[in-house]
Protein chains: 2
Amino acid sequence: MNKDSLIQFIQKILPMNPSRAAQVVEKFKPMKIEKNSYVLKAGTVCNESHFIETGIIRSYTYDLDGNEVTTAFYPTNTYSSDLLSFFKRTPAKEYIQAITDCETWYITYEDMQASFHAIPEFREFGRLNIVNQYSILKERMLSNLQETAEKRYNDLIHSHPEILQQVPLKYIASYLGIADTSLSRIRKETVKK
Amino acid sequence: MNKDSLIQFIQKILPMNPSRAAQVVEKFKPMKIEKNSYVLKAGTVCNESHFIETGIIRSYTYDLDGNEVTTAFYPTNTYSSDLLSFFKRTPAKEYIQAITDCETWYITYEDMQASFHAIPEFREFGRLNIVNQYSILKERMLSNLQETAEKRYNDLIHSHPEILQQVPLKYIASYLGIADTSLSRIRKETVKK
DNA sequence: ACGTGCACTTGACATAGGACAGGAAATGGA
DNA sequence: TCCATTTCCTGTCCTATGTCAAGTGCACGT
């Protein structure tokens, strides 16, 4: 396991010369995470930020009635952490859990701050990365308003077919904001068409 | 009208020495915005980022059924723009509209990029500002899941009483994700208590 | 290969919340 | 000042979704 895909991910967000990139990824360390185990638990402060080399991770929390609600999926080659808790140093309100066995590259808050300080390119990467995360969140908020659950389901499995393969439908349903029975009915309708 | 409150806002997010702060705010220009007029219309690219000196601004879009949905309120002393459109240079999906007469300090995308390049402190301010915006969005998403409309209504008017004074209830209702008739019923219940 | 437990589907039923419409009160323009 | 418009409240009705429960099929461990 080497850092190539992490370097590619960073280069895609902010192109830089290879030696700089090597410097940026220097503090990232490998981690193996077993299926169903936790990267972060609600109530604790998120202290690591993970780039997912293989596997799928999700974050979830509980709604008013105590139902589990999946707030995000993090497939392979994405960046996963509770940014709110990580940067604000406040207790997380979400759980982050591996859906499959995962391998990640992670960096601690302290190392990230040090690297922010030492490497201007890392700072700029950090800024662009947050803009991206903000965009994803905002797009999701808007699509929740502006698209039907059916369209959002189709968009999701189109853009990330691996999620459909590896994630229980109940997680997908709660991510879409509907009951698993409703998703079941949507799938039934979709097959008809 | 001087830039004191803008400088205070910036100093609060990232303290810096006064001459630096002066440099940071240099490119901000004043604008007066009439009640009900638009700062940004959906379909166009957001090219200005506003700090609100006086007045209240809101952003809104339309849901599936064509209903107006208020996506955010920007009271006095906050920072308002469609960050998604502004940074990604994509057409906005939202309208940004003055609820009252407003005075703002704004900076264009080009000037901001130039200042990002020239002033390291501005870059860092930009990064912290996005973290804040991300946090606000995420907190809002979570409170939509985890709190009743009644609690969210009370939280809103507690933290920003001026909104209740100056904003039509129907905007507040759509911001809370409920019909204006439902908000009316909530208010009725609240009075009883 | 047997049993236990998930994952998923489906039907019957209940209900929270929205749509709609009517009316009172407040606001604003001429 | 008066009329038009908008805001807000409230009653009735209705429907989209969720809840619950039952049943099938599959995967996994022993």
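Proteins get letters first, then strands, A, B, ... in listed order; numbering begins at 1 in each.
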Can a donor-acceptor pair be found between the side chains of [X] and [Y] at a distance below 3.5 Å?
X: A:Gln146; Y: B:Thr61; value: yes
X: B:Thr70; Y: B:Arg58; value: yes
X: A:Tyr175; Y: A:Thr71; value: no
X: B:Glu53; Y: B:Ser5; value: yes

Between atom [atom1] in [X] and atom [atom2] in [N], what is the gap in whole Å?
X: B:Asn36; N: D:dT7; atom1: CG; atom2: C1'; value: 14 Å
X: A:Asp180; N: D:dT17; atom1: CG; atom2: P; value: 15 Å
X: A:Glu189; N: D:dA16; atom1: CD; atom2: C1'; value: 14 Å
X: B:Ile99; N: D:dT7; atom1: CD1; atom2: P; value: 11 Å
X: A:Glu150; N: D:dT17; atom1: CD; atom2: P; value: 11 Å
X: B:Gln165; N: D:dC8; atom1: CD; atom2: P; value: 12 Å
X: B:Leu64; N: D:dA16; atom1: CG; atom2: C1'; value: 13 Å
X: B:Ile186; N: D:dC8; atom1: CD1; atom2: P; value: 15 Å

Can you name the atoms? Protein N/O to nucleotides 19-22 of chain D N/O, anything below 3.5 Å, with the distance.
residue: D:dT19; atom: O4; partner: A:Arg185; partner atom: NH2; Å: 3.4

May I ask you to verify if any side-chain N or O of [X] is less than 4.0 angstrom from the OP1 or OP2 atom of [N]?
X: A:Lys170; N: C:dA7; result: yes
X: A:Lys188; N: C:dG11; result: yes
X: B:Arg187; N: D:dC9; result: yes

Looking at A:Tyr134 versus B:Tyr134, is the centre-to-centre ring distance below 6.0 Å?
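Not under 6.0 Å, so no.
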Tabulate atom names and distances for all N/O pairs under 3.5 angstrom spanning the protein and nucleotides 24-30 of chain D.
none

Would you list the pairs meeting salt bridge (charged side-chain N to carboxylate O under 4.0 Å, His left out) in which at least one residue belongs to residues 94-116 of chain A, sequence neighbours left out?
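Sorted result for residues 94-116 of chain A: A:Lys29-A:Asp111, A:Lys32-A:Glu103, A:Glu94-B:Lys138.
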Using the ring of each side chain (for Trp, its six-membered ring), is A:Tyr38 parallel, tilted or perpendicular to A:Tyr60, with breaks at 30° and 60°?
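The rings of A:Tyr38 and A:Tyr60 sit tilted, inter-plane angle from 30° to 60°.
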Geometric class of the B:Tyr79/B:Phe51 ring pair [parallel <30°, tilted 30-60°, perpendicular >60°]
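Taking B:Tyr79 first and then B:Phe51, their aromatic rings sit tilted (interplane angle of 30° to 60°).
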Report the nucleotide, chosen from C:dG18, D:dT7, D:dC8, that has the shortest atom-to-atom distance to any side-chain atom of B:Ile178.
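Closest of the options to the side chain of B:Ile178: C:dG18.
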Lys/Arg N to Asp/Glu carboxylate O, A:Glu124 vs B:Arg127, below 4.0 Å
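Salt bridge absent between A:Glu124 and B:Arg127.
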